[in-house]
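Comments concern the structure below.
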Number of protein chains: 2
Amino acid sequence: MKEALVDKRSAALKATLALISEQGFHGTPMSQIAERANIGIGTIYRYFKNKEDLINALYIEVKKRMAEHIFNHSFKDTPVEAQLKQYLIQFIRFSIEHPQELNFTEQYENSPLITEETRAEAMRVLEPLMTLFQRAVEQRLLKAMPIEMLVAMLGGSAIALAKLYLSDQKRLDEHTLEAGVSAIWDLIKK
Amino acid sequence: MKEALVDKRSAALKATLALISEQGFHGTPMSQIAERANIGIGTIYRYFKNKEDLINALYIEVKKRMAEHIFNHSFKDTPVEAQLKQYLIQFIRFSIEHPQELNFTEQYENSPLITEETRAEAMRVLEPLMTLFQRAVEQRLLKAMPIEMLVAMLGGSAIALAKLYLSDQKRLDEHTLEAGVSAIWDLIKK
DNA sequence: GATAACAGAATGAACATTCATTCCTTGTTG
DNA sequence: CAACAAGGAATGAATGTTCATTCTGTTATC
């Protein structure tokens, strides 16, 4: 029965996400994950080598879901500026609609648990964004500085914006969101 | 003997900072902290109620040191734009010269260990920055959006910039730093 | 010699992981 | 079709380790 296999594995991942986003890595024992997922502790070890492996798999999965959302909800072949703004808006929307995901990834990326390899793997799912940046550079739309610097600052401010509207669960209306995204464009545009 | 008291207490804090910034909270047992600080485990408990208290105290101390650096290395009563840019430059300088501090605070701020109260306390040390923002608003220099949003995005991009130059320990020359800071000003300026 | 500082061994709780056992599905045989 | 195997999936109690905290004895200071 293939069904159950997929079921239990993803139940474990789902429980892990919910618990870690609230309690952190070390606040959430495997026993609690099993309980929340309605599976046995041993079952988790059928699908993941150990706790580290579980968390890593979750991280990659979440990153993929995020990237998928962003790129699937944006029209293609739009002028660079409009395209990038769409990406930003979709990223922030996703983050606000999926607080656990943002919480978890931020925790993990800022912890020493994450490996360079995993970081690189996560970078890879953002490839369309990097391609867009290349286009922007070719069209001389961006400030004259190292591209990683522009990407880093853009990412940092977008995440900060999303986090702000998660903590104060102030409503982020469409207009304010657009204003924020425009500001971020000003950050990188020539 | 007040001397030794200060000595051992700060030795504990120093060791905690170094170890946690490399190994994370849960990768660093109290025993290791004691060893590194050349003190007994029991001694740590003379100065801190428990591990949580130790980490919290360290966090506040680091934040204070950071704020002190920023505000002491900036001239006062300068026009808003120049003043803010100075703050940003000093923040990034401090972060690059004190990688452990940035690592540690980022870890802590993104973990569920930190309390709202501690967050508020940390905010308080940045009071001069908030005052400057108020001045900027009065002079209508900033984009028309909630001030917390501007602060958040500014902080996010500055931290991202500092982190970038920590990971790739690429040299961040004066010129590039200025360019980055100028970009961040564009992010918030009207 | 009294008081405070210090040290590190002892304690006990918590936890990740293992593994012997049970359960369930599917296939096989008469 | 009923009875029965076989094999993989699932389980959770048991294990061994790690670690925060406490306790007890020692050393320094006045």
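All heavy atoms count here, side chains included; hydrogens, waters and symmetry mates do not. Numbered from 1 within each chain, the chains take letters A, B, ... in sequence-line order.
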[X] [atom1] to [N] [atom2]: how many Å, rounded?
{"X": "Asn38(A)", "N": "dA9(D)", "atom1": "CG", "atom2": "C1'", "answer": "17 Å"}
{"X": "Glu52(A)", "N": "dT17(C)", "atom1": "CD", "atom2": "P", "answer": "9 Å"}
{"X": "Met30(B)", "N": "dT11(C)", "atom1": "CE", "atom2": "C1'", "answer": "16 Å"}
{"X": "Ile44(A)", "N": "dT18(C)", "atom1": "CD1", "atom2": "P", "answer": "13 Å"}
{"X": "Ile20(A)", "N": "dC15(C)", "atom1": "CD1", "atom2": "P", "answer": "13 Å"}
{"X": "Glu35(A)", "N": "dT11(D)", "atom1": "CD", "atom2": "P", "answer": "13 Å"}
{"X": "Phe25(A)", "N": "dA16(C)", "atom1": "CZ", "atom2": "P", "answer": "13 Å"}
{"X": "Gln23(A)", "N": "dC15(C)", "atom1": "CD", "atom2": "P", "answer": "10 Å"}

5′-ward residue of the pair Arg46(A)/His26(B) relative to DNA chain D: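 Looking at the nearest nucleotide for each, Arg46(A) comes out on the 5' side.
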From the options [options], select the nucleotide whose nearest atom is closest to the side chain of [X].
{"X": "Asn50(A)", "options": "dT17(C), dC6(C), dC15(C)", "answer": "dT17(C)"}
{"X": "Tyr47(A)", "options": "dA16(C), dA5(C), dA9(D)", "answer": "dA9(D)"}
{"X": "Lys51(B)", "options": "dT21(D), dC6(C), dT18(C)", "answer": "dT21(D)"}
{"X": "Lys8(A)", "options": "dT11(D), dT18(C), dA5(C)", "answer": "dT11(D)"}

Who pairs with Phe25(A) by ring-ring contact (aromatic ring centres under 6.0 Å, His included), at least two apart in sequence or on another chain?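 Testing Phe25(A) for ring-ring contact (aromatic ring centres under 6.0 Å, His included), a comparison that skips the adjacent residues, returns Tyr108(A).
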Who passes ring-ring contact (aromatic ring centres under 6.0 Å, His included) against Phe71(B), sequence neighbours left out?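 For Phe71(B) the ring-ring contact (aromatic ring centres under 6.0 Å, His included) partners, ignoring immediate neighbours, are Tyr87(B).
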End-to-end bend of the helix from dG1(C)-dC30(D) to dG30(C)-dC1(D) (five-pair axes, 10° rounding)?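 It works out to 10° between the end axes.
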Would you tabulate the side-chain donor-acceptor contacts of residues 148-156 of chain A under 3.5 Å, counting partners in other chains and residues two or more places apart, or write 'none'?
from: Glu148(A); atom 1: OE1; to: Lys170(B); atom 2: NZ; distance (Å): 2.4

Under 3.5 Å between N/O atoms: give me all the protein pairs with nucleotides 12-14 of chain D, atom names plus distance.
from: dG12(D); atom 1: N7; to: Gly42(A); atom 2: N; distance (Å): 3.1

Residues in side chain to side chain contact (heavy atoms under 4.5 Å, CB included) with Thr43(B), at least two apart?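 Partners of Thr43(B) under the side chain to side chain contact (heavy atoms under 4.5 Å, CB included) test: Lys8(B), Ile39(B), Tyr47(B).
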Min side-chain heavy-atom separation Ile188(A)-Leu84(A) under 4.5 Å: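 In contact.
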Among residues at least two apart in sequence or on other chains, which ones pass side chain to side chain donor-acceptor pair (under 3.5 Å) with Lys14(A)?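 Listed in chain order: nothing, the list is empty.
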So which pairs with a foot in residues 128-142 of chain A pass salt bridge (charged side-chain N to carboxylate O under 4.0 Å, His left out), sequence neighbours left out?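 Passing the test, one end in residues 128-142 of chain A: no pairs.
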Salt bridge (charged side-chain N to carboxylate O under 4.0 Å, His left out) partners of residues 62-89 of chain A, not counting sequence neighbours, each pair once: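 Listed once each, the pairs are Glu61(A)-Arg65(A), Lys63(A)-Glu109(A), Arg65(A)-Glu101(A), Glu81(A)-Lys85(A).
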Roughly how far, to the nearest 0.5 Å, is CD of Gln107(A) from CD1 of Ile114(A)?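 Interatomic distance, Ile114(A) CD1 to Gln107(A) CD, rounded to 0.5 Å: 12.0 Å.
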